[in-house]
*Asks:* 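Quick one: this structure, given as structure tokens, is what I'll be asking you about.
The chains referred to below are lettered A, B, ... by the order of the sequence lines, with proteins before strands, and numbering in each begins at 1.
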Protein chains: 2
Amino acid sequence: MTRALQGHPAVRDETRRKVEAAARRLDYRPDHIARALVTRTSSTVGMLIPSSVDSFWGEVAAGIEEAASEANYSVLFANSHSQPERERRMIEVFLAQRVAGIIIAGAAGESASWFCGEEPDVPVVIVNWDAAFPARFVPIVRTGSPQRVLKAVRAATETDASFSQIVFDDLGGAQQVVRHLVSLGHERIAFVGAEPIRPSLLRVLGFRSALLEAGLPLGAIVSSPRSPEGGFQATQDLLTSPPDDLPTAIVAYDDATAIGVIRAVHAHGIDVPGAMSVIGFDDIEMAAFSEPPLTTIRQPRREMGRMAMASILSSIRGESAQRSSVLPGELVLRRSTGPPPGR
Amino acid sequence: MTRALQGHPAVRDETRRKVEAAARRLDYRPDHIARALVTRTSSTVGMLIPSSVDSFWGEVAAGIEEAASEANYSVLFANSHSQPERERRMIEVFLAQRVAGIIIAGAAGESASWFCGEEPDVPVVIVNWDAAFPARFVPIVRTGSPQRVLKAVRAATETDASFSQIVFDDLGGAQQVVRHLVSLGHERIAFVGAEPIRPSLLRVLGFRSALLEAGLPLGAIVSSPRSPEGGFQATQDLLTSPPDDLPTAIVAYDDATAIGVIRAVHAHGIDVPGAMSVIGFDDIEMAAFSEPPLTTIRQPRREMGRMAMASILSSIRGESAQRSSVLPGELVLRRSTGPPPGR
DNA sequence: TCCGGTGGTGTAAACGCTTGCAGGACGCCC
DNA sequence: GGGCGTCCTGCAAGCGTTTACACCACCGGA
């Protein structure tokens, strides 16, 4: 009987119709739970994001949910708050729920095996690996040979065969940003918001390499938490340099930091972008509404979510999907960048 | 054997320990699916929000997830995009997943029976009912007797016995807002962003009643979509009034609209708050970062999420929970409001 | 006429758990 | 020492599906 409802080929039309009529009459709803029990896999995926309050992750989540919904999958959701222990715990819960796959966004765990012990029995995909590094990494990234640093960062977030990664091209994004500033004529460029997490290290690295490529000296690299307050404080410090050493442009780790940077620059009576260009990263919602609106690099957030879900689905179907995608950003020109003063 | 792991009272400690050891050795993970099949209820709730990209709903979701996680519940998540049909479809999916309860945030459906046919077999709670009304409601709200309007709005989103509601006190919030402006000395106050949805109608009503209470004439009430663009356009129109009729303060439907309002006011060369006060609603993240930072009414978003989950849990436990909570907002004073010019 | 094949339908086992019940071990009282 | 109550443990049914397989009717070819 139940065959009739699933569109099994070997069921006469007449029978199917009768069954369907009866089903409707009793308003029968097939039980996903029972089905999952016998098929030993559910049509549910687990989604872990750092914080649903953050519209960045909210949009990644929206991409995941869209793609899942189109494929008739449901998504279980939890916030990790970027805490590796919480990540592990929620993954445990997902596994007990017999999810068909797990998407870890903004992964804070240190390595593949961190998440699921040895070999996870479901496909796992990571969207933007934000793993923390020991703080001693920051100075190394500032001074070490780029090749060595890159190798270290990559190695530390290496994915084993059972994992996929959908990550943003932090390194390339930072290069785009610097090239944009260089093309405007800037020669003294600082970086604000270095932190010992993977994307920050890669952005610093991209910053350095693009400067090198342009034949410009390495500007200041200031560490700070990634928040408006962090950017504000760090920039206050930066602006105490003697006037001749002051940069004419500041690359912020992300848009939130950039907003703090602009506030601090304004607080010193310096015009943006007249006397100081500021550029962000991510293109969060607020970027378009800051004063002045922020030039930034847009991450294809929704697309990243969709790709993550697509990767899960193809793993489920047994196609061994592309292990790792690095998505390029897009420079969004707004009004926080311009030529340096005196050009 | 399985009793040992659940902490059944009638199990000797020694036995329990042996069982636990064995469980650990085989890394046994109890299967939620099988358990759900036999107990006929899962430890999963369905959560429907309009959009996870919106940090407002993101925070409601965070509150729900927190409370769920503390109670060892998982949450299935979907975006409704404020489309009633999608709401209904996702609820259907949740029901097939045998969720223990459903939380509908920003409900767009028209009535209780919209969601689940007659009698849902699981507890349902609504967080902020944003149901749309026929457009003809807007003029009625502007001119009808307040009591009659209020009754109509309430009746239209009445909850039947099987539903709970956790809603923000839109009416009271609007009154607070107006009282604040009146206390600053404003006498000509306009409202921008009226729309035929429940919270907007209630805010307009609160606006009117507080004006009445203060013995002030009813200011302009301008309709517009709730977005910066909507607020911008509507305010452009508003500012074409003859100078004597211009308001000295504008109450926006929400913060997003308020940001557009400020932009338009600035575009007319009018200072905020020097020559025009602007006040928003909701206290979204951007409110603190607008220029000038926005005075607004904060909704206790996270708390609303937690309460929704708590309501589900108490329904599950059979305690017939409080049917409906109306949560008050909190006035957040920032720098977009001040005394009217000439005071 | 009989037999093999085919297309449709009924049946039962299994998925991993919960739970009620039978029953074993043991100590205590009479 | 036997009966009985008290603890604890083992057993088996059943939750609502899927799926493999048995089976039946029917048709066409030998």
Side-chain angles (χ1 to χ4, degrees), chain A residues 1-46 71-74 76 91-102 116-117 120-122 316-318, chain B residues 1-46 71-74 76 91-101 116 120-122 316-318:
Chain A
M1 54 162 141
T2 149
R3 255 173 299 219
L5 299 172
Q6 315 288 13
H8 193 99
V11 169
R12 214 180 316 166
D13 273 5
E14 183 200 352
T15 315
R16 186 197 318 284
R17 258 191 299 275
K18 270 200 291 195
V19 173
E20 277 169 356
R24 208 148 337 111
R25 193 147 33 77
L26 306 169
D27 66 78
Y28 165 83
R29 222 191 304 279
D31 186 327
H32 288 206
I33 294 281
R35 182 183 316 207
L37 181 61
V38 51
T39 60
R40 313 187 51 67
T41 177
S42 64
S43 56
T44 299
V45 299
N72 282 314
Y73 273 68
S74 300
L76 274 173
I91 287 170
E92 208 57 37
V93 172
F94 288 160
L95 255 22
Q97 300 265 16
R98 275 216 138 62
V99 292
I102 296 179
C116 314
D121 31 5
V122 300
I316 291 171
R317 292 199 206 90
Chain B
M1 54 164 141
T2 150
R3 254 172 298 217
L5 300 172
Q6 315 288 13
H8 192 99
V11 168
R12 213 181 317 166
D13 273 4
E14 183 198 354
T15 317
R16 188 197 317 284
R17 259 191 298 276
K18 272 200 291 196
V19 173
E20 277 170 357
R24 210 151 333 115
R25 194 148 29 79
L26 306 169
D27 65 79
Y28 166 82
R29 221 191 304 280
D31 186 326
H32 288 205
I33 294 281
R35 182 181 316 201
L37 181 61
V38 49
T39 60
R40 313 187 52 67
T41 176
S42 64
S43 56
T44 299
V45 300
N72 282 314
Y73 273 69
S74 300
L76 274 173
I91 287 169
E92 208 57 39
V93 172
F94 288 160
L95 255 20
Q97 299 266 17
R98 276 216 138 63
V99 292
C116 313
D121 30 6
V122 299
I316 290 172
R317 292 200 206 92

*Asks:* Would you kindly give the CD1-to-P distance between B:I33 and D:dG14, to the nearest whole Å?
*Replies:*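 Checked: the CD1 to P distance equals 23 Å.
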*Asks:* Heavy atoms only: give me the nearest B:I33-A:L37 pair and the separation to one decimal.
*Replies:*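 Shortest heavy-atom separation between B:I33 and A:L37 comes out as CG2-N, 3.6 Å.
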*Asks:* Nearest of C:dG16, C:dC17, C:dA14 to any side-chain atom of B:R35?
*Replies:*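 Selected nucleotide (nearest to the side chain): C:dC17.
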*Asks:* Which nucleotide in the set D:dT18, D:dG16, C:dC17 lies at the smallest distance from any side-chain heavy atom of B:L37?
*Replies:*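 Closest nucleotide among those given: D:dG16.
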*Asks:* Which nucleotide sits closest to the side chain of B:D31: C:dT18, D:dT17, C:dC17?
*Replies:*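 The nucleotide sitting nearest to the side chain is C:dC17.
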*Asks:* Which of these nucleotides, D:dC15, C:dC15, D:dT17, is closest to any side-chain atom of B:R40?
*Replies:*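 Output: D:dC15.
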*Asks:* Categorize A:R29 for me: base, sugar-phosphate, or nothing, with a 4.0 angstrom heavy-atom threshold over every strand shown.
*Replies:*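 Contact class for A:R29: sugar-phosphate only.
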*Asks:* Which atom pair, heavy atoms only, marks the closest approach of B:Y73 to B:T44?
*Replies:*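 Reported closest heavy-atom pair: CD2-N, 3.8 Å.
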*Asks:* Where is the tightest heavy-atom contact between A:Q97 and A:S42, given as atom of each residue plus distance?
*Replies:*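 Nearest pair, atom of A:Q97 first, then A:S42: O-OG, 4.2 Å.
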